[in-house]
Amino acid sequence: MKTASFLAFPSAILCLILAASAEPRPLRDIIKAFDIHQTPLLANPIADMPSDESVSTGVIISDVIGKTQAIAIFSGLTRDIDPVAGRLDDASQNATVLAPDNSAMKNLKRKPWEDPEDYNTFGTEAYKGQDGEDRAHKNLRRFVERHIVPQSPWEEGKKIKTLYGNEVWWETKDGKKMIQPANVEVTSVADKVANGQVWVLGGSLA
């Protein structure tokens with residue numbers, strides 16, 4: 001598993017950080033990077049949103065997901081999970097990425113690598129040592145995979161299981177696109193490319 005920093009820097013710097021992270025890093029580095037990311041967001045983080053009919057041809061999700069600053073935290077996590085990164089980098093496999101925006105990630109009740117059951121079972125040492133790091137990475141993978149729908153286009157009302165296995169669908173309510181059953185709003189579509197789309201969410205599905 002590759003672990004990448006996901007700081008809210010300009011996309012060029014973010015790409016350099018991700019490229020430099022070829023080797024797995026311990027959980028403490030993931031935690032440090034995540035905590036550093038708790039900084040004010042730049043104004044107007046989403047620009048040049050594609051129209052409903054616009055599709056960027058010749059590029060795939062892995063080419064564009066790191067370019068939308070509003071989802072910098074989540075897009076960094078997708079690089080950490082090999083099965084997800086591999087899918088987004090495969091032109092033959094379509095996907096709809098349901099990416100919580102940075103505000104949603106900052107306001108999570110717990111970090112993406114945490115599970116209350118781990119604390120109940122192992123106490124405050126739940127994520128210490130190699131076993132703890134393995135638990136953390138397993139939880140991180142679950143979090144990311146709950147936000148990847150292995151289909152695009154994805155029709156309204158069609159129930160489908162994410163890579164993790166939770167069933168989701170979307171519907172229009174009061175003119176807004178909502179992901180169900182979590183009732184989380186899709187605030188924008190960041191990209192439409194050859195192998196799928198990146199949807200920006202105003203909340204998390206986990």
Side-chain angles (χ1 to χ4, degrees), residues 1-22 25 30 33-34 36-108 112 140-141 143-154 162-163 177 179 184-205:
M1 180 183 301
K2 295 184 293 184
T3 301
S5 298
F6 30 86
L7 308 182
F9 290 171
S11 58
I13 297 177
L14 178 63
C15 290
L16 289 175
I17 294 172
L18 294 172
S21 303
R25 296 188 303 168
I30 301 176
F34 193 91
I36 290 174
H37 204 326
Q38 311 305 299
T39 56
L41 305 180
L42 298 183
N44 302 319
I46 304 177
D48 300 324
M49 290 296 96
S51 67
D52 289 343
E53 295 78 23
S54 174
V55 177
S56 299
T57 57
V59 295
I60 55 179
I61 295 175
S62 61
D63 295 327
V64 299
I65 191 170
K67 296 180 180 180
T68 302
Q69 190 176 9
I71 57 170
I73 300 177
F74 183 80
S75 66
L77 294 182
T78 65
R79 306 290 186 109
D80 300 339
I81 310 301
D82 284 345
V84 172
R87 185 181 190 94
L88 303 187
D89 197 38
D90 187 344
S92 68
Q93 297 191 76
N94 283 16
T96 302
V97 179
L98 306 177
D101 64 22
N102 292 335
S103 294
M105 294 296 294
K106 289 165 62 177
N107 292 324
L108 290 172
L140 190 63
R141 175 174 176 173
F143 179 90
V144 173
E145 289 186 341
R146 288 179 68 90
H147 293 82
I148 308 296
V149 174
Q151 182 170 325
S152 182
W154 179 23
T162 67
L163 290 187
K177 182 181 290 186
I179 303 297
V184 172
E185 181 182 356
V186 178
T187 58
S188 64
V189 176
D191 283 287
K192 294 183 178 183
V193 294
N195 68 334
Q197 302 183 16
V198 179
W199 295 3
V200 181
L201 306 188
S204 167
L205 305 183

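In what follows, residues are counted from 1 in the order of the sequence shown. Everything numeric in this text was worked out from a predicted model, so none of it was measured.
- In this structure, Pro100 and Ser204 approach most closely via the heavy-atom pair CG-CA, 4.2 Å.
- When all heavy atoms of Thr68 and Asp191 are compared, the closest pair comes out as OG1-OD2, 3.7 Å.
- A distance of 10.5 Å separates CD of Gln197 from CG of Leu98, quoted to the nearest 0.5 Å.
- Taking each heavy atom of Ser75 and Gly66 in turn, the nearest pair found is OG-CA, 4.1 Å.
- A distance of 6.5 Å separates CD1 of Ile179 from CG of Leu205, quoted to the nearest 0.5 Å.
- Put simply, the side chain of Ser188 never gets that close to the backbone of Val200: no donor and acceptor are under 3.5 Å apart.
- In this structure Gln93 satisfies the side chain to side chain donor-acceptor pair (under 3.5 Å) test together with Arg87, Asp90, sequence neighbours excluded.
- Atom NE2 of His147 is separated from atom CD1 of Ile71 by 11.5 Å, given to the nearest 0.5 angstrom.
- A distance-only check finds a donor-acceptor pair linking the side chain of Asn102 to the backbone of Ala70 [under 3.5 Å].
- Counting only heavy atoms from C-beta outward, the side chains of Leu88 and Thr78 approach each other to under 4.5 Å.
- Residues Val186 and Leu201 are in side-chain contact: their nearest non-hydrogen atoms beyond the backbone lie under 4.5 Å apart.
- Residues Pro112 and Met105 form a side-chain contact, since some pair of their non-hydrogen atoms from C-beta on lies under 4.5 Å apart.
- The side chain to side chain donor-acceptor pair (under 3.5 Å) check on Ser62 picks up Asp89, with sequence neighbours excluded.
- Every residue meeting the side-chain contact (heavy atoms from CB on, under 4.5 Å) condition with Gln151, not counting sequence neighbours, appears here in chain and number order: Val149, Glu155, Lys158, Ile160.
- Residue Val144 forms a side-chain contact (heavy atoms from CB on, under 4.5 Å) with just one option from Val97, Leu163, Ile81, Thr162, and that option is Ile81.
- Listed here is the closest heavy atom pair of Val184 and Gly203: CG1-N, 3.5 Å.
- Every side-chain contact (heavy atoms from CB on, under 4.5 Å) that Asn94 has, sequence neighbours left out, goes to Ser152, Asn195.
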